[in-house]
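Quick note on labels: first sequence line is chain A, next is B, and so on, each numbered from 1.
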Amino acid sequence: MNQELFFYNSLSRKKEKFIPLNPPFVGMYVCGPTVYGEPHLGHARPYITFDVVFRYLTHLGYKVRYVRNITDVGHLTDEVEGTGEDRIQRKARLEKLEPMEVAQMYANSFQEKYDQLNILHPSIEPRASGHIYEQIAMIEKIIANGFAYVVNGSVYFDVIKYSKSNSYGELSGRVIEELIAGAGNERRVLEGQEEKRNKEDFALWKKASPEHIMHWPSPWSEGFPGWHIECSAMSTKYLGETFDIHGGGMDLLFPHHESEIAQSKGACGKPPVRYWIHNNMVTVNGQKMGKSLDNFITLEQLFTGTLLKQAYSPMTVRFYILQAHYRSTLDFSNEALQAAEKAYKRLTESYDLIGKLKTSASSTSDIKVLRQKCYDALNDDLNTAIVISHLFEAGRIINSVYAGTETITADDLKELKNLFDVFLFEILGMRYEKSAASGEDVSQLMELLLSLRAEAKAKKDFALSDKIRAELLKLNYAIKDEKDGTSWGRN
RNA sequence: GGUCGCGUGGCCGAGUGGUUAGGCAGAGGUCUGCAAAACCUUGUACAGCGGUUCAAAUCCGCUCGCGACCUCCA
């Protein structure tokens, strides 16, 4: 905690020094997925980004309560001719499954991908469907405070009234007058629009229509919660009325997060969040990867190589995401993934060499300065790309020592290993993928082959030694002749 | 139409006014029986035009191009 950490706060649009409300405790809420579809590459970005935030804060000694929800209700869809049908319900109807069965299926799928990407489990992973009571209670408070009204069993947030005493738009930079006048062009027609007092108002509770099968009792109607209330209710329940960090994708800034602020203030009279942190989008040919644009690639496809030039391992994907700063757009391409794959392999191969290095009385490079440089990069709004560049510098030093062009002390060697262990594995959350095959059998067989090859080489039977090398390569084992012996690894 | 942001060398991608980001790819070299790897060296990069400054990729203005949000979306 002796590090001075700065985050870019979307609320102030500035980098701000991070000071928790109640140190050493930190409350962090991240908008989790709506489980109605397969996780795609775009989803990986926020969960990896905030995983690193979680890991780093923990590393610094903070006691972090990290809440990431699963939205398995709510979120009206307007995809089905304005029927106001719940997204999960729609999917369920199409797949002829119980709605909660669909939600569970995709929640499992997300969980599996989180694990593969080495994303730590949050402290609490609440489901919206399990917090209907809390959402209703919050809506009641908002009504009691006069910021919401009931029409035909539905409840709407009164944005105009709220904005008289509060600034609706403080997060997204929206100006209420422009919301009213603006856009205009292709605003889609949502069901129940005519019930609202103002176009800008949004639903807190919707009365279920007869064909709507996901619904719960409430003081106003059999119905379901509105688009944004679940996050407000669950974050308040587990983190309090005001908490430290709220994260999510930039596309949630408006209206989702703006409305969360309004709801929380409308209910509790306090700003809910001190630091709003938003990650940028993954793009394809410069355009956002998204469900509605149908240009997304699922993580399953990525990991198995379906529809792609090749498969990319979860760690390749994680590394690729961490090589960019989280607030920049990141363009997807095979070339970019391939570059990331090679780059990470290079780094782990350097790491593997650490145990083989010979130490000297002095070091030719300043190792200790690298550690603070890595901290500096993380402290400056979580610049993982810069951390990685320093790790490459460390890798270069390792390789040079191994090649004999540089020297290192025993102390610095420890420091070097620690640098990788702490920054690459613990904080960036990369999983160590050993380049050599594990398994005693294989390595014993390999030693046998290599000794036979060494004999052939000694007899200058290069035809045979090259054949062994070539055949091994076909089996995906690469061997390298070095000064004192031959090393090998899986490709 | 409104709000916000971006435009960096073949590609991806950092860059807080002055000194090398980094990775991938390419070129040359060292090492090697040959490879591979590694190491060393190597690129007129900052959309365009003005301005501020001793000094700008970095600040300001304009122009062009692209994108995000304004509607479910990470």
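Across all strands shown, G7(B) pairs with C64(B); the Watson-Crick or G-U wobble distances both stay below 3.5 Å. For A38(B), the paired nucleotide is U30(B), the pair qualifying as Watson-Crick or G-U wobble because both relevant distances are below 3.5 Å. For C69(B), the paired nucleotide is G2(B), the pair qualifying as Watson-Crick or G-U wobble because both relevant distances are below 3.5 Å.
Between the side chain of R346(A) and the base of C24(B) there is no donor-acceptor pair of N/O atoms closer than 3.5 Å. On a pure distance criterion of 3.5 Å, a polar donor-acceptor pair joins the side chain of R174(A) and the base of C69(B). Between the side chain of R45(A) and the base of A74(B) there is no donor-acceptor pair of N/O atoms closer than 3.5 Å. Interface remark: the D331(A) side chain does not form any donor-acceptor pair with the G13(B) base, using a distance-only criterion of under 3.5 Å.
Note on N383(A): a side-chain N or O is less than 4.0 Å away from OP1 or OP2 of G15(B). Contact check, K345(A) against A37(B): no side-chain N or O comes under 4.0 Å of OP1 or OP2.
With rounding to whole Å, K467(A) atom NZ is found 22 Å from A36(B) atom P. The interatomic distance linking Q287(A) (CD) with G67(B) (P) rounds to 7 Å, in whole Å.
Rounded to a whole angstrom, the distance from the C1' atom of C59(B) to that of U52(B) is 8 Å. For the C1' atoms, the distance from A47(B) to A57(B) is 12 Å, rounded to whole Å. Separation of the C1' atoms belonging to A74(B) and A36(B) is 41 Å when rounded to the nearest angstrom.
Evaluation of F462(A) against the base of G33(B) yields a stacking contact (centre distance < 5.5 Å, interplanar angle < 30°).
The aromatic rings of Y29(A) and H246(A) lie tilted to each other, with the angle between the two planes from 30° to 60°. The aromatic rings of H43(A) and H40(A) sit tilted relative to each other, their planes meeting at an angle between 30° and 60°. Relative ring orientation between H257(A) and W276(A) is described as tilted, the plane-to-plane angle lying within the 30° to 60° band.
Nearest to the side-chain atoms of E335(A) among the listed nucleotides A74(B), A38(B), C11(B) stands C11(B). For K342(A), taking side-chain heavy atoms from C-beta onward, the closest of the listed nucleotides A25(B), C34(B), G23(B) is A25(B). Among the nucleotides C39(B), C34(B), G23(B), the one closest to any side-chain atom of F392(A) is G23(B). Side chain of K480(A), nearest nucleotide from A74(B), A37(B), G13(B): A37(B).
Looking at heavy-atom distances under 4.0 Å, R469(A) makes contact with a base. Residue N399(A) is classed as a sugar-phosphate contact, given heavy-atom separations below 4.0 Å to backbone atoms only.
Considering only heavy atoms from C-beta on, K309(A) comes within 4.5 Å of E335(A) through its side chain.
The aromatic ring centroids of Y320(A) and Y312(A) lie 6.0 Å or more from each other.
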